[in-house]
Amino acid sequence: MPSPWMEQLNESQREVVAHGQGPLIVVAGAGTGKTLTIAGRVAHLIEGGVAPERILLLTFTRRAAREMLSRAARLTQRPTPGNVWGGTFHAVANRLLRAYGRPLGIQPDFTVMDQADAADLMNLIREELGLSERERRFPRKDTLAAVYSRTVNAGRRLAEVVEADFPWCREEVDGIRSVFRRYARRKREHNVLDYDDLLLYWRALAAGQGLGSRLTRLFDHVLVDEYQDTNTLQADILSHLCGPTGNITVVGDDAQAIYSFRSATVRNILEFPQRYAGARIVRLEQNYRSTRPILAAANAVIELSPERHVKTLWSERPGDRSPLLMTCLDEADQSDAVCRRVLEHRERGVPLHGQAVLFRAAHHSDLLEIELARRNIPFVKYGGLKFLEAAHVKDAVALLRILENPFDAVSWFRTLQLIDGVGPAAARRLVEWLGVRRGDAPVPPGPSPVLRLLAPGTPGPPSPPDVRSQLEALGAALADCAGEGVPPAAQVERIRRFLAPVFERTYSHPAERLRDLEQLEQLASRSPSRARFITDLTLDPPSSTGDLAGPPSLDEDYLILSTIHSAKGLEWDVVHVIHAADGMIPSDMATGGPEEIEEERRLLYVALTRARNDLYVYFPLRYYRRPRGHEDAHSYAQLSRFLIPATVRSRFESRVAPLAEELIDEPLQDEDQLSSAGHRAVEMSLARLWEG
DNA sequence: CATTTATAAATTTTT
DNA sequence: TTTATAAATG
């Protein structure tokens with residue numbers, strides 16, 4: 001009995017929605033109505049009588065989950081689709097482990113560390129083991145965290161991973177192994193899980209170590225979005241959850257696989273039919289998003305990929321405008337060109353939020369941001385948000401974590417060093433003295449022993465009097481926050497008061513840093529509890545500058561800036577892709593092997609396929625080298641190698657910005673001319689700062 | 001001996 | 001702008 005709303009679907013989409021029992025794989029090209037189709041399937045399942053709380057919808061971001069569930073709600077005309085389990089793998093694991101983790105030795109009040117925290121702990125251990133002071137240099141903390149995460153997520157042997165992905169560390173495998181051993185033990189002692197643990201323990205749970213049988217039967221239907229970007233560990237979890245003939249629906253597109261750095265592997269999608277025998281395969285190939293010329297350009301890019309992408313996207317949307325490849329003189333010229341185009345489109349009726357500027361790395365938009373601010377064009381930036389990485393924010397969060405989990409030694413270690421006169425060595429002694437270690441013993445009831453020790457009036461470890469008084473100030477702040485019924489925002493406020501003098505002493509621009517803590521307070525005011533706040537902060541961190549701006553002013557229009565990674569799954573009427581130069585796309589950091597380069601190609605493909613009506617690709621001819629050289633040292637860029645082949649170029653209309661034209665007409669022979677062109681460009685950009 | 005200060009170097013993408 | 005290493009200071 002098909003519901004009336006199914007009329008709006010095409011045949012393949014309907015097939016997905018109406019699929020009954022058993023495994024299903026949907027190969028959904030870009031813009032083929034994937035969101036609607038998944039939402040439709042959820043709606044259909046619920047209308048067919050499946051209990052919402054027995055449906056699990058795994059998505060790549062929380063935002064995607066919200067979007068799909070609200071669309072499902074609209075389709076079913078019910079207020080909400082009940083309690084469908086929706087979210088990222090990590091968020092769902094978090095919920096499950098708090099409820100069912102005990103048999104695995106997990107205390108339900110565990111805290112979650114992000115990758116930066118993990119790196120800090122690795123660093124601590126690295127020093128403890130004396131690996132940092134040897135004649136040969138040992139991998140640094142971020143490298144260690146990356147190696148660990150890759151090994152765990154890919155389920156490969158350490159030596160193998162190091163050899164393949166970190167060959168320069170190959171001599172240090174033994175040391176790395178010893179760090180990892182202690183790292184794992186330490187996390188357990190401190191009742192802390194990292195991102196990878198969330199998945200590892202979920203797998204253990206699903207595999208039946210604990211109460212697997214109960215958990216396997218927790219869901220009648222599992223749906224997974226962006227399956228091409230899942231890793232081996234995640235695929236394992238799914239297969240434990242569903243069994244080889246279970247009701248699992250995965251949706252993905254191998255042409256859009258862009259997360260191999262997180263150990264994602266396209267093999268998951270390619271081998272799905274083997275893993276789930278008898279799986280039905282449905283392809284969605286009609287693109288509803290882009291005009292034909294745009295799709296033709298995107299197809300031309302991906303066709304050159306040596307890997308097989310067995311589908312051809314087609315579109316019925318006519319369009320008379322080819323995508324434009326805009327050659328600019330330099331970054332400043334590029335920023336100028338983008339601003340002008342953006343405003344042009346706004347004049348013609350496309351609001352700013354209907355347009356996006358996409359780029360490979362977060363800092364690629366730096367210059368553009370300055371120019372936008374100068375022209376009073378509001379914007380919101382997605383991706384690469386360093387808010388939580390900033391030292392001062394981490395300071396505040398560390399205090400919150402201590403309150404939540406007094407055994408979180410990493411947070412203690414960080415916090416204690418805020419005190420004037422306490423460095424790594426003293427902090428370590430203090431942590432020891434405080435007895436920050438849980439082992440397997442349950443937490444004693446009542447106020448934490450740690451807090452009691454810090455409360456004013458209690459004898460402390462031998463230390464200079466000024467350190468004592470600062471410790472007492474810290475204790476007082478913690479005690480105030482730990483009081484009954486203090487809302488999270490008030491706790492952040494109290495922490496801010498404690499940190500104010502610390503920042504004055506430590507940082508050169510304390511006022512700005514304190515302002516960030518006000519934003520943190522804003523954020524906290526939306527959370528019902530401290531525990532929830534901390535967890536949300538690590539599992540669903542603010543993803544855009546807009547998230548931080550407090551209550552959204554809906555009438556305000558703003559341009560979207562986004563990394564290509566963060567733009568996944570989104571679409572805009574007008575898309576501007578900047579920095580289409582070799583070294584940017586593909587990134588210089590990713591030219592190690594053919595596989596990495598292919599991923600960069602897919603990245604460009606993802607960027608191009610975000611556009612509905614108009615697509616612009618910008619290429620600056622010249623880059624000025626950054627800080628040191630005081631004279632205008634510059635280098636010439638090559639167009640991205642993915643755009644050079646004739647089959648691709650012919651899909652674009654090429655245009656050269658006036659400033660760049662001169663440069664191309666009089667190429668390279670005359671140094672004077674070059675530098676005069678360079679000076680002219682600088683003068684132009686300076687002139688723009690004072691005039692107009 | 002531990003901490004602070006100075007100096008140099010590096011800097012993708014994200015749950 | 002942050003982070004590792006070296007030298008200087010308490």
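Order of the sequence lines sets the chain letters (A, B, ...), proteins ahead of strands, with each chain counted from 1. The figures here come from the full heavy-atom set of this structure, side chains too, leaving out hydrogens, waters and symmetry mates.
- For the pair Arg95(A) and Trp85(A), the cation-pi criterion (under 6.0 Å, within 45° of the ring axis) is fulfilled.
- Across all strands shown, Arg513(A) has heavy atoms under 4.0 Å from sugar-phosphate atoms exclusively, and none from any base.
- Nucleic acid contact class of Ala362(A) (heavy atoms, under 4.0 Å, all strands): sugar-phosphate only.
- For Asp516(A) and dT2(C), the CG to P distance is 11 Å, given to the nearest whole Å.
- Spacing between atom CZ of Arg126(A) and atom C1' of dT5(C) amounts to 11 Å, rounded to whole angstrom units.
- Evaluation of the side-chain hydrogen bond (donor to acceptor under 3.5 Å, both in side chains) rule for Tyr148(A) yields Lys187(A) as partners, not counting sequence neighbours.
- Nearest nucleotide to the Ala361(A) side chain, out of dT15(B), dT14(B), dT13(B): dT13(B).
- When distances run from any side-chain atom of His565(A) to the nucleotides dA2(B), dT13(B), dT15(B), the shortest one goes to dT13(B).
- Residues Arg186(A) and Glu128(A) are paired through a salt bridge, judged by an N-O separation under 4.0 Å between the basic side chain and the carboxylate.
- Residues His565(A) and Phe261(A) bring their aromatic ring centres within 6.0 Å.
- When heavy atoms are screened at a 4.0 angstrom cut-off, Thr538(A) is found touching no nucleic acid atom at all.
- Using a 4.0 Å heavy-atom distance criterion, Tyr259(A) is classed as a sugar-phosphate-only contact.
- When the nearest nucleotides of DNA chain B are assigned to Thr88(A) and Val422(A) by heavy-atom distance, the more 5′-ward of the two goes with Val422(A).
- When heavy atoms are screened at a 4.0 angstrom cut-off, Gln115(A) is found touching base atoms of the nucleic acid.
- Residue Ala426(A) is in sugar-phosphate contact alone, with no base atom involved, counting any heavy-atom pair closer than 4.0 Å across all strands shown.
- No donor-acceptor contact under 3.5 angstrom links the side chains of Asp408(A) and Asn191(A), judged on distance only.
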Q: Start with the C-alpha gap between Arg360(A) and Glu600(A), add the side-chain angles, then the distance that decides, and say whether salt bridge (Lys or Arg N to Asp or Glu O under 4.0 Å) holds.
A: CA-CA 9 Å; Arg360(A) 171 66 175 87; Glu600(A) 299 285 307; 2.8 Å; yes

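- Where Ala427(A) and Pro541(A) each meet DNA chain B at their nearest nucleotide, the meeting point lying more 5' is that of Ala427(A).
- When the P atom of dT15(B) is taken as reference, atom CE of Met113(A) falls 17 Å away, rounded to whole Å.
- The CG atom of Leu388(A) sits 16 Å away from the C1' atom of dT2(C) (whole-angstrom rounding).
- Rounded to an integer number of Å, the gap from Arg428(A) CZ to dC1(B) P is 16 Å.
- The side chain of Ala425(A) approaches dT3(B) more closely than any other nucleotide in the set dT3(B), dT15(B), dT12(B).
- For Thr563(A), a side-chain nitrogen or oxygen approaches OP1 or OP2 of dT14(B) to under 4.0 Å.
- Distance Arg140(A) CZ to dA10(B) P: 8 Å, rounded to the nearest Å.
- Within the nucleic acid shown, Asp420(A) comes within 4.0 Å of sugar-phosphate atoms alone, with no base atom in reach, counting heavy atoms only.
- Phe110(A) carries Arg98(A) over the face of its six-membered ring, with the cationic atom under 6.0 Å from the centre and within 45° of the normal.
- Between the CD1 atom of Ile578(A) and the P atom of dT13(B) there is a distance of 13 Å, given to the nearest Å.
- Base-pairing analysis of DNA chain B finds the following stems of at least three consecutive Watson-Crick or G-U pairs, with both pairing distances under 3.5 Å: B:1-10 with C:1-10.
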